[in-house]
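In listed order, ligands and their atoms are each counted from 1. Because only heavy atoms are used, hydrogens play no part in the values below, and waters and symmetry mates are left out as well, while side chains stay in.
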Amino acid sequence: MTVLEVKNLQKSFGTIRAVQDISFSVKAGEVFTIIGPNGAGKTTTLEMIEGLVTPDQGDIHFGELNWNQDAIAIKKMIGVQPQSSAMFDLLTPEENLNLFASFYEQSRPTDEILNLINLTDHRSNRVKKLSGGQRQRLAIGLAMISDPDIIFLDEPTTGLDPQARRNIWDIILELKNLGKTTILTTHYMEEAEKLSDRVCIVDQGLIVTVDTPAALIEKLTKEREIRLTFLDGIEAALETELFSKNLASVARAEREGTSLKLWTLHPENTLYDLFKFTKEKEFQVEQVSIREMSLEDVFISFTGKEWRD
Ligand code: ATP
């Protein structure tokens, strides 16, 4: 079931075309991730969907509902992660949650939310004493307090250390277990790959592509990168490079010192031929790896640009 449909969204700020033309739909229970580099238009897109910014053009439908006619019903249906500045620093997480709960006719029990965001042990500490990761978890809790069906999280892990980031991932996966729909923005490819049912890659206010992480990677060329490092030094790497360049399965090869990189459409054949050669020559191979393709490669392949976090 489609819970959100966005068609031809556009928004400019003066001469800056923040969102040029964005269309997608989100299904119930999905983690749908909008990913793109800085300034790609992620926040502007999210804020238009959340009803905080008015689009210049385009339609936003939550099922049968739209912002012009059904704002109150939509507000009951969605939860938006507040900015840190919207929390009360001198209150505790529990007090913040209770305060936010009082804004709604119905809410989820505070204890349950504290447990979900793993802040039960910090329930009575003042927010100003919390770490960045704990504050972000509280922000997700505040988005959840009204028990919405659809939750919007705008870069919830930006600036957090890897452990704090993983703690947020656990919460997002738990939201999915609860049957919630999550719309997330991030500029971390790894995060998008790990959490998302579908990923929408945006760049310069336009959609580059939308699909499941696996399907996007599958769409890439089947070429794989093999890396070999030799214990016997440069001579062995050089000879193997010359040999590999004559193999039909190898598209190209690059060598740096004792390390050799090969790109092949048939990794099994290439490895078989390579090891036959190195065994005959009695070269000692120190390391072998085959690199898996990632969403980062998808971005590079679609835009021709390097990905920068
Ligand atoms: P980031 O990852 O840096 O948050 P983003 O993908 O969320 O980037 P947006 O914040 O949507 O991108 O910004 C898209 C473009 O619109 C940027 O060039 C930004 O400077 C510009 N922009 C966004 N909001 C405004 C505003 N209120 N006034 C003027 N320009 C804006």
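Taking the six-membered ring for Trp and thresholds of 30 and 60 degrees, F277 and F243 have nearly parallel ring planes, at less than 30 degrees apart.
Residue contact check for ligand 1: G41 places a non-hydrogen atom closer than 4.0 Å to it. Distances shorter than 4.0 angstrom do not occur between any heavy atom of G14 and any atom of ligand 1. Put simply, part of E155 is less than 4.0 Å from ligand 1, judged by heavy atoms.
Among protein heavy atoms, atom 16 (O) of ligand 1 sits closest to A18 CB, 3.2 Å. Nearest non-hydrogen protein atom to atom 5 (P) of ligand 1 is K42 N, 3.5 Å. What sits closest to atom 27 (N) of ligand 1 on the protein, heavy atoms only, is F13 CE2, 3.6 Å.
More than 12 heavy atoms of other residues, nucleotides or ligands shown are found within 6.0 angstrom of CZ on F13.
Rounding to the nearest 0.5 Å gives a distance of 8.0 Å between CD of Q106 and CG of D147.
With K261 as reference, E225 is the one residue of R255, E241, E256, E225 to meet the side chain to side chain contact (heavy atoms under 4.5 Å, CB included) rule. Checked options I34, L9, V202; the residue passing with F24 is I34 (criterion: side chain to side chain contact (heavy atoms under 4.5 Å, CB included)).
Here the shortest heavy-atom distance to atom 10 (O) of ligand 1, taken over T43, D154, I35, belongs to T43. Closest heavy-atom approach to atom 13 (O) of ligand 1 among the candidates T45, I16, T44, T185: T44.
Looking at G39 next to ligand 1, an N or O pair under 3.5 Å apart turns up.
The protein reaches atom 24 (N) of ligand 1 closely, with a heavy atom under 4.0 angstrom from it.
Side chain of N8 to main chain of D21: no donor-acceptor pair is present (N/O by atom type, distance under 3.5 Å, no hydrogens or angles).
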